[in-house]
Amino acid sequence: MFYSRCSRLVASSTARPLTSYLSRVGRRYSSASPAYEYILTESPKPGVGLITLNRPKALNALSSPLFKELNDALTKYDEDKDIGAIIITGSEKAFAAGADIKEMAPLTFSSAYSNNFIAPWSHLANNIRKPVIAAVAGYALGGGCELALMCDIVYCTANATFGQPEIKLGVIPGAGGSQRLTRAVGKSKAMELILTGKNFSGKEAGEWGVAAKVVDGGKDELLEEAIKTAETIASYSRVAVTAAKEVVNKSQELALKEGVDFERRLFHGLFGTQDQKIGMTAFAEKKKPEWTHE
């Protein structure tokens with residue numbers, strides 16, 4: 001996670017909160033939304049919350065102040081009853097090119113350890129219950145790769161660039177890269193990538209299971225696909241969607257039998273919801289369900 005190409009690459013343009021696609025269909029999420037410095041928030045479709053990382057001159061390098069804002073926006077969307085799915089994206093050039101080296105370089109072991117440095121980065125993976133989609137264009141290196149891997153679904157452009165190059169700086173991934181990347185691509189491939197610091201393309205991310213969808217095209221086409229999926233997810237019962245996310249995540253932690261038992265308990269529990277009755281009645285009557293999310 002500790003890698004940034006900001007010293008060698010300069011963003012040629014500012015982040016576009018409304019791409020040409022979003023300018024046709026998007027709206028600002030809320031006039032009451034906080035004025036963030038490092039991110040942008042909006043709702044391009046009903047039920048969809050979009051967060052755009054917005055440090056264009058630093059290629060969206062990840063810092064503690066940025067994560068404070070990101071965590072705040074994620075929490076607000078997670079608590080918003082009108083939002084059913086969340087998207088995190090960056091710019092055409094960089095999803096996030098790495099962590100902010102200027103912030104990390106002066107740290108000592110005692111300061112990093114005592115202050116539990118980067119622990120807040122795990123808020124997304126540990127506390128957000130609604131599905132989160134990463135829409136990755138450009139660089140997703142180090143912390144940027146780890147941020148994408150924390151999301152529930154990854155979409156990317158074919159020419160996106162992923163990698164965990166921390167070894168080149170004398171450190172290792174610190175925000176879950178070694179764990180999540182290994183689960184996605186297997187031990188041997190993850191070991192090769194982390195020990196060599198080699199990057200891999202969006203096309204390879206799709207082939208290796210890191211990304212669920214690889215889009216031929218640029219940021220506009222990528223966002224369009226991510227928004228379609230988020231809108232579909234948001235159209236379902238919030239209770240069932242939350243349960244579905246939970247059981248899939250448990251598959252990464254539990255043995256098969258325990259995982260199936262856990263799944264069955266949540267399956268049984270959903271029969272106590274209004275949405276289960278609404279959904280099955282609507283199906284039998286060939287009608288569109290009107291979810292109460294209860």
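Values below: every heavy atom of this structure, side chains too, minus hydrogens, waters and symmetry copies.
Residues Ser43 and Leu50 form no side-chain contact, since every pair of their non-hydrogen atoms from C-beta on lies 4.5 Å or further apart. Between His293 and Lys81 the shortest side-chain heavy-atom distance does not fall below 4.5 Å. By the 4.5 Å heavy-atom criterion applied to side chains, Ile167 and Thr196 are not counted as neighbours. The closest side-chain heavy-atom distance from Leu181 to Gln164 is below 4.5 Å. Side-chain atoms of Glu146 and Pro173, non-hydrogen and from C-beta on, do get closer than 4.5 Å to each other.
Val214 approaches Thr157 most closely through the heavy-atom pair CG1-C, 4.0 Å. Heavy-atom minimum distance, Glu103 versus Phe117: OE2-CE1, 3.8 Å. For Ile194 against Ser178, the heavy-atom pair with the smallest separation is CD1-CA, 3.6 Å. Closest approach of Val239 to Leu270, counting heavy atoms only: CG1-CD2, 3.8 Å. Leu59 and Ala94 get closest at one heavy-atom pair: O-CB, 3.5 Å. Summarising the geometry of Ala97 relative to Leu141, their closest heavy-atom pair is O-CB, 3.4 Å, with the distance given to 0.1 Å.
Panel note: side chain Glu92, backbone Ala137; no donor-acceptor pair is recorded below 3.5 Å. In this structure, the side chain of Glu263 does not engage the main chain of Val247 through any donor-acceptor pair within 3.5 Å. At distances below 3.5 Å, not a single donor-acceptor pair connects side-chain atoms of Thr281 with backbone N or O atoms of Ile278. With hydrogens and angles disregarded, a donor-acceptor distance shorter than 3.5 Å links the side chain of Lys219 to the backbone of Gly90. Between the side chain of Glu69 and the backbone N or O of Tyr38, at least one donor-acceptor pair lies under 3.5 Å. Checked by atom type and distance alone, the side chain of Ser251 pairs as donor or acceptor with a backbone atom of Val248 at under 3.5 Å. Checked by atom type and distance alone, the side chain of Glu204 pairs as donor or acceptor with a backbone atom of Ser201 at under 3.5 Å. Using a distance-only test at 3.5 Å, with no hydrogens or angles considered, a donor-acceptor pair links the side chain of Lys130 to the main chain of Asp80.
Taking 4.0 Å as the cut-off between side-chain N and carboxylate O, Lys203 and Glu207 count as a salt-bridged pair. One finds a salt bridge joining Asp72 and Lys76 here, because a Lys/Arg side-chain nitrogen approaches an Asp/Glu carboxylate oxygen to under 4.0 Å. A salt bridge does not link Asp261 to Arg265: none of the charged side-chain nitrogens sits closer than 4.0 Å to a carboxylate oxygen. Salt-bridge annotation for Arg55 and Asp100: present, with a side-chain N of the basic residue lying under 4.0 Å from a carboxylate O of the acidic one.
Between the NZ atom in Lys228 and the CD atom in Glu224 there is a gap of 4.5 Å [rounded to 0.5 Å]. The line from OH of Tyr155 to OG1 of Thr89 is 13.5 Å long, rounded to the nearest 0.5 Å. If you take CD1 on Ile51 and CG on Leu53, they are separated by 8.5 Å, rounding to the nearest 0.5 Å. One distance of note links OG of Ser122 with CD1 of Ile128; it measures 12.0 Å at 0.5 Å rounding. The structure places CE of Met150 at 11.5 Å from NE2 of His123, a figure rounded to the nearest 0.5 Å. Interatomic distance, Leu149 CG to Phe162 CZ, rounded to the nearest 0.5 Å: 8.0 Å.
In terms of hydrophobic clustering, with Ile, Leu, Val, Met, Phe, Trp and Tyr side chains grouped at heavy-atom distances under 4.5 Å, Leu266 and Val260 are assigned to different clusters. Linking Ile, Leu, Val, Met, Phe, Trp and Tyr whenever their side-chain heavy atoms come within less than 4.5 Å puts Leu107 and Leu66 in one cluster. Leu193 and Met191 are not part of a single hydrophobic cluster, where members link through side-chain heavy atoms under 4.5 Å apart. Linking ILVMFWY side-chain heavy atoms closer than 4.5 Å, directly or via other members, places Trp291 and Ile83 in two distinct hydrophobic clusters.
For Phe267 and Phe271, the gap between ring centers is short of 6.0 Å.
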Exercise. Report the C-alpha separation of Thr41 and Tyr36 in whole Å, then their side-chain angles, then the decisive distance to 0.1 Å, and conclude whether the side chain to side chain donor-acceptor pair (under 3.5 Å) test is met.
Key: CA-CA 8 Å; Thr41 59; Tyr36 295 118; 5.9 Å; no
Quiz item: Would Ser91 and Asn60 count as a side chain to side chain contact (heavy atoms under 4.5 Å, CB included) if you check the C-alpha gap in whole Å, the side-chain angles of each, and the deciding distance to 0.1 Å?
Solution: CA-CA 8 Å; Ser91 67; Asn60 293 330; 4.0 Å; yes
Quiz item: After noting the C-alpha distance and the side-chain angles of Ile87 and Val48, does the key distance pass the side chain to side chain contact (heavy atoms under 4.5 Å, CB included) rule?
Solution: CA-CA 8 Å; Ile87 300 169; Val48 179; 3.9 Å; yes
Quiz item: Where do Phe95 and Ile88 land on the side chain to side chain contact (heavy atoms under 4.5 Å, CB included) test, with the steps shown first?
Solution: CA-CA 9 Å; Phe95 176 73; Ile88 299 177; 4.1 Å; yes
Exercise. Just do the side chain to side chain contact (heavy atoms under 4.5 Å, CB included) check on Asn199 and Tyr139 with the steps written out, would you?
Key: CA-CA 10 Å; Asn199 295 339; Tyr139 293 105; 5.5 Å; no
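If you run side-chain contact (heavy atoms from CB on, under 4.5 Å) between Ile86 and each of Ile233, Leu124, Val132, only Val132 comes through. With Asp152 as reference, Lys245 is the one residue of Lys245, Arg180, Arg129 to meet the salt bridge (charged side-chain N to carboxylate O under 4.0 Å, His left out) rule.
Here Lys277 pairs with nothing under the side-chain hydrogen bond (donor to acceptor under 3.5 Å, both in side chains) rule; sequence neighbours left out.
Between Phe200 and Trp208, the ring-plane angle classifies as tilted under the 30° and 60° cut-offs.
Within 6.0 Å of CG on Asn127 lie more than 12 heavy atoms contributed by other residues, nucleotides or ligands.
Identified under the side chain to side chain donor-acceptor pair (under 3.5 Å) test for residues 185-195, with sequence neighbours left out: Lys189-Glu192. Identified under the side chain to side chain donor-acceptor pair (under 3.5 Å) test for residues 231-241, with sequence neighbours left out: Ser237-Asp275.
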